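To find a chain, count down the sequence lines: A is the first, B the second, and so on, and within it residues start at 1. Everything quoted here is computed from the prediction, not taken from an experiment.
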Amino acid sequence: MNKNMKILVVDDFSTMRRIIKNLLRDLGFTNTHEADDGNTALPMLQSGNYDFLVTDWNMPGMTGIDLLKAVRADANLVKLPVLMVTAESKREQIIEAAQAGVNGYVVKPFTAVTLEEKINKIFERVGG
Amino acid sequence: MDSDERLALAEELVTQLKAGNEAESSSIISKLSDCIESELFVEVGRLTRELHEAINEFLIDPRINEMAQVDIPDASERLSYVITMTEKSANTTLGAVEAGLPLADDLGEKARDISAKWEQFCNRELSVDDFRVLSKELANFLALTTERSKQLHSHMTDVLMAQDFQDLTGQIIRQVITLVHDVEDKLVQLVRISGSKLPEKQKDAHKLEGPIIPGIDQGNTVSGQDDVDDLLSSLGF
């Protein structure tokens with residue numbers, strides 16, 4: 001796994017972005033960037049050559065699920081690995097995210113181990 | 001009009017009808033229906049008065065006014081303050097951790113460096129000059145450790161102090177819970193007065209519910225990450 005990959009962390013709470021960035025740094029990923037909702041994130045993704053997207057679901061403006069759908073609808077981003085990190089835990093929603101093409105789903109509150117596990121799994125599958 | 005009188009009227013009606021007296025029959029029928037209508041009017045009047053009194057009683061309850069004009073706006077302020085305090089605490093804690101981690105990493109790195117040389121020294125592989133360098137490094141390292149541990153201690157104290165939000169927000173949230181109970185009581189009273197039945201609660205499958213909260217029915221939710229993993233693997237993930 002390329003530890004220099006460019007990662008975008010999208011969450012409306014700055015503290016959650018900081019936590020995720022710190023956990024990613026502990027895992028060796030230092031090339032991380034932030035956005036506070038889908039509307040800010042989408043243009044960054046479209047012009048920024050990102051390798052990985054970590055996004056929350058419930059955000060004002062554009063939600064994470066709409067961002068995911070927009071990413072999958074964009075020919076240049078269709079293959080971008082997306083991990084959803086969210087408090088939303090209804091079965092219908094997890095299924096909706098899966099159908100929209102999410103690569104991993106972590107429910108908050110989560111642990112550093114869970115985050116690492118899901119990231120490893122995503123890149124095992126993408127790489128292999 | 002009691003039942004004996006009504007029975008007498010009814011028998012009289014049958015007699016008149018058999019005799020073919022149209023005018024007499026109609027007059028008896030209207031006598032009978034008048035009596036039923038007047039009872040109905042009395043009953044409607046009584047219910048209206050009761051409803052009126054109940055609503056008045058409800059409206060002059062000073063608690064309602066107080067809740068609407070003072071307590072509920074207050075509660076919004078209080079809850080916003082809870083967000084402010086928890087956010088501030090999270091930022092203080094994150095700041096302290098982000099400042100502390102490089103200090104710990106720095107100490108670890110220097111210690112690893114020195115242990116490699118220390119091992120050489122123990123194996124008598126170090127020249128006198130190298131030893132002089134090592135002992136200088138050791139002295140620096142000890143001074144640095146003293147300094148860093150003081151800094152780490154101060155960051156840890158910041159983290160400790162940042163937890164004071166729990167007590168304060170707990171008290172504020174408890175006040176708001178009491179208000180919510182009061183409002184609930186008043187609403188139940190209102191529903192009782194109006195006598196209407198609440199429609200069956202409909203859950204919107206697309207409404208975002210946020211975090212799982214024990215004891216609250218949030219629809220068909222998973223119970224944790226393991227459940228999410230099971231669900232995704234059943235979908236072929």
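- Proximity to chain B is limited to the side chain of A/Asn22, based on heavy atoms less than 4.5 angstrom apart.
- Formation of a donor-acceptor pair under 3.5 Å by the A/Arg72 side chain with backbone atoms of A/Leu80 is found in this model.
- With respect to chain A, the highest number of heavy-atom pairs below 4.5 Å among B/Leu235, B/Val222, B/Thr93, B/Asp229 belongs to B/Val222.
- Panel note: side chain B/Ser154, backbone B/Lys150; no donor-acceptor pair is recorded below 3.5 Å.
- Heavy atoms of B/Ile212 lying under 4.5 Å from chain A belong to its backbone as well as its side chain.
- Contact of A/Ser14 with chain B is made through the side chain alone, with heavy-atom distances under 4.5 Å.
- Contacts of A/Ile95 with chain B are made by both backbone and side-chain atoms, with heavy-atom separations under 4.5 Å.
- When heavy atoms are compared at a cutoff of 4.5 Å, B/Leu231 approaches chain A solely by way of its side chain, counted from C-beta outward.
- The CG atom of A/Leu115 lies 9.5 Å from the CD atom of B/Gln225; values are rounded to the nearest 0.5 Å.
- For chain B, the nearby part of A/Thr114 is the side chain; its heavy atoms alone come within less than 4.5 Å.
- Judged by distance alone, the side chain of A/Glu88 and the main-chain N or O of B/Glu209 form a donor-acceptor pair under 3.5 Å.
- Between chain A and the options B/Pro211, B/Ala90, B/Gly210, heavy-atom pairs under 4.5 Å are most frequent for B/Gly210.
- Here the shortest heavy-atom pairing between A/Gly61 and A/Asp37 reads CA-OD2, 3.2 Å.
- No donor-acceptor distance shorter than 3.5 angstrom exists from the side chain of A/Asn103 to the backbone of A/Leu83, with no hydrogens or angles considered.
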